[in-house]
Asks: 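Shown below is the structure under consideration.
What you see below is based on every heavy atom in this structure, not just the backbone, and it leaves out hydrogens, waters and symmetry mates.
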There are 2 protein chains.
Amino acid sequence: MTNPYHPHNHRHCIEDALQEARSLCKDKGARLTPLREKVLELVWQSHSPIGAYDILAELGRLEERSAQPPTVYRALDFLMEHGLIHRLSSLNAFIGCSHPSEQHNSCFLICEKCHVAQEIEHPSIDASLKDCAQSQGFKIIDSSIELTGLCPNCVGANQE
Amino acid sequence: MTNPYHPHNHRHCIEDALQEARSLCKDKGARLTPLREKVLELVWQSHSPIGAYDILAELGRLEERSAQPPTVYRALDFLMEHGLIHRLSSLNAFIGCSHPSEQHNSCFLICEKCHVAQEIEHPSIDASLKDCAQSQGFKIIDSSIELTGLCPNCVGANQE
DNA sequence: CAAAATACGTTATATTGTAACAATTATGAA
DNA sequence: TTCATAATTGTTACAATATAACGTATTTTG
Ligand SMILES: [Zn+2]
Ligand SMILES: [Zn+2]
Ligand SMILES: [Zn+2]
Ligand SMILES: [Zn+2]
């Protein structure tokens, strides 16, 4: 998996994500329409979360007739339902899922400076959360784990 | 600490929270004005998160001249700055902090059915998050950990 | 007291997200 | 194919959450 903090040919990230999405949707009989695919591509345009209205603006730049909010939100809903993107509630923004084919609870490290959000997977986090919830008799249905701070690239850099 | 899922005299929760807030603010030289205290009291009116506009409505019911959004948001900002309340970004809502005098990362169990949100603290969660971030070279500044599901009270109850 | 800082009031507006219904397109059975 | 149905998208209007900007009042400090 590509490290989002290092320079890399990001077209590969996009192409891989689109390819995997097509494959997953085909398997599930879900219709990844051109609009939905376009929105997914825009979400993947960087490793930073993007807002719904930014996606809307990008769509507007591309098409002659500009789309309306429900169009974008519906596409985002579809993509979330099928695990292709995640919503970061602390930012009201969306980001591509780095491993949509595996069932997982998402956990993000969000850099305050460069805005890269890395999805991490660490069994110990899942385990400790599950333990803790279980000890309270709480049944987890969904989780939102978002850690904000400084990524390895930015933690050393002097604040300007 | 009172268990929010069990029936209890909630006035005690409110009074304790207000008392501790007064004491903490006094120590820090922070001004817990009547307005800020009133908002804190409204946040503590239950163990469920409350939205800013619900607080606004409550204020409107109580005072003759109804307050405006900035008034409420400023009070909420103050209360957050001093660790007296937390914001649950997955709900766009606010809840009283159960242990404002201790430095901590908040972690919430939010019941989808009864809407009670319990703040939990478990060293193993903090440890695993810190470990995980550290292994990536990421410096955590703030965390938002919100687990949604069914609380012990509701997990057994039949869905109506 | 006067000056400065802080808090609050007020108006307007930005940002994010949905409800409702119409038009279109894809799907699948007859 | 052809019609009926379901799914998707378009469109309008609006709800819900949050903030900018500026003026007024209050508190603090010298
Ligand atoms: Zn990339
Ligand atoms: Zn960074
Ligand atoms: Zn209580
Ligand atoms: Zn419950």
Asks: When you match B:Ala67 and A:Pro69 each to their closest nucleotide on DNA chain C, which lands nearer the 5' end?
Replies: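 Per heavy-atom nearest nucleotide, the more 5' residue is B:Ala67.
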Asks: Between P on D:dA18 and CD1 on B:Ile50, what's the gap in Å once rounded to a whole number?
Replies: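 Spelled out: CD1 on B:Ile50 to P on D:dA18 is 13 Å.
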Asks: Anything under 30° is parallel, anything over 60° is perpendicular, the rest tilted; go ahead and classify B:His82 against B:Phe78.
Replies: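 Ring orientation, 0 to 90° scale: tilted.
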Asks: When you look at A:His12 and A:His10, which way does the ring pair (Phe, Tyr, Trp, His ring centres under 6.0 Å) test go after all the steps?
Replies: CA-CA 5 Å; A:His12 291 170; A:His10 186 61; 9.9 Å; no
Asks: Can you see which heavy atom on B:Arg36 is nearest to which on B:Arg31, and at what distance?
Replies: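 Taking every non-hydrogen atom into account, NH1-O, 2.7 Å.
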Asks: Tabulate protein N/O versus nucleotide N/O from nucleotides 6-8 of chain D, keeping only pairs under 3.5 Å, one per line.
Replies:
{"residue": "D:dT8", "atom": "OP1", "partner": "A:Arg36", "partner atom": "NH1", "Å": "3.2"}
{"residue": "D:dT8", "atom": "O5'", "partner": "A:Arg36", "partner atom": "NH2", "Å": "3.4"}

Asks: Of the non-hydrogen atoms in A:Ala52 and A:Leu76, which two are nearest, and what is the gap between them?
Replies: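 For A:Ala52 and A:Leu76, the tightest heavy-atom pair comes out as CB-CD1, 3.9 Å.
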Asks: Rounding to an integer number of Å, can you tell me how far B:Arg74 CZ sits from D:dA20 P?
Replies: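 Taking atom P of D:dA20 as the reference, CZ of B:Arg74 is at 11 Å.
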Asks: Output the rounded distance in Å from CG (A:Leu76) to C1' (D:dT9).
Replies: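 In whole Å, D:dT9 C1' lies 14 Å from A:Leu76 CG.
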Asks: Return the value, rounded to whole Å, for the distance between atom CD of A:Gln68 and atom P of D:dA13.
Replies: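 These atoms are roughly 11 Å apart.
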Asks: Would you indicate, yes or no, if D:dT9 has its OP1 or OP2 atom less than 4.0 angstrom from a side-chain nitrogen or oxygen of A:Thr71?
Replies: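 So the side chain of A:Thr71 is outside the cut-off, no N or O lying under 4.0 Å from OP1 or OP2 of D:dT9.
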Asks: Contact boundaries of DNA chain C with chain B (under 4.0 Å, heavy atoms), 5' to 3'?
Replies: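 From 5' to 3', the first and last contacting nucleotides are C:dT6 to C:dT11.
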Asks: Examine the side chains of A:Glu121 and A:His104 and answer whether a donor and an acceptor come within less than 3.5 Å of each other.
Replies: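 A:Glu121 vs A:His104: no donor-acceptor pair found between side chains.
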Asks: Near A:Lys28 NZ, under 6.0 Å, is it more than 12 heavy atoms from other residues, nucleotides or ligands?
Replies: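 Enclosed: over 12 neighbouring heavy atoms sit under 6.0 Å from NZ of A:Lys28.
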Asks: Which whole-number value in Å describes the distance from B:Leu91 CG to D:dA18 C1'?
Replies: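 Value for this atom pair: 16 Å.
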Asks: For a quick test of reading the model, state the closest non-hydrogen atom pair linking B:Leu59 to B:Lys38 and the distance between them.
Replies: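 Heavy atoms of B:Leu59 and B:Lys38 come nearest at CD2-CG, 3.8 Å.
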Asks: Would you say the side-chain atoms of B:Ser128 and A:Ser128 include a donor-acceptor pair closer than 3.5 Å?
Replies: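 A pair is found: one side chain offers a donor N or O, the other an acceptor, under 3.5 Å apart.
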Asks: Please check if A:Val72 and A:Met80 belong to a single hydrophobic cluster, counting links between Ile, Leu, Val, Met, Phe, Trp and Tyr side chain heavy atoms closer than 4.5 Å.
Replies: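 Yes, because A:Val72 and A:Met80 connect within a single hydrophobic cluster, where side-chain heavy atoms sit under 4.5 Å apart.
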Asks: Give a yes/no on whether any side-chain N or O of B:Tyr53 is located under 4.0 angstrom from OP1 or OP2 of D:dA16.
Replies: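 For D:dA16, OP1/OP2 do not have a side-chain N/O of B:Tyr53 under 4.0 Å.
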Asks: How many whole angstroms separate atom CG of B:Asp54 from atom C1' of D:dA18?
Replies: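 Answer to the nearest Å: 14 Å.
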Asks: Between D:dT9 atom P and A:Leu56 atom CG, what is the distance in whole Å?
Replies: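 Value for this atom pair: 15 Å.
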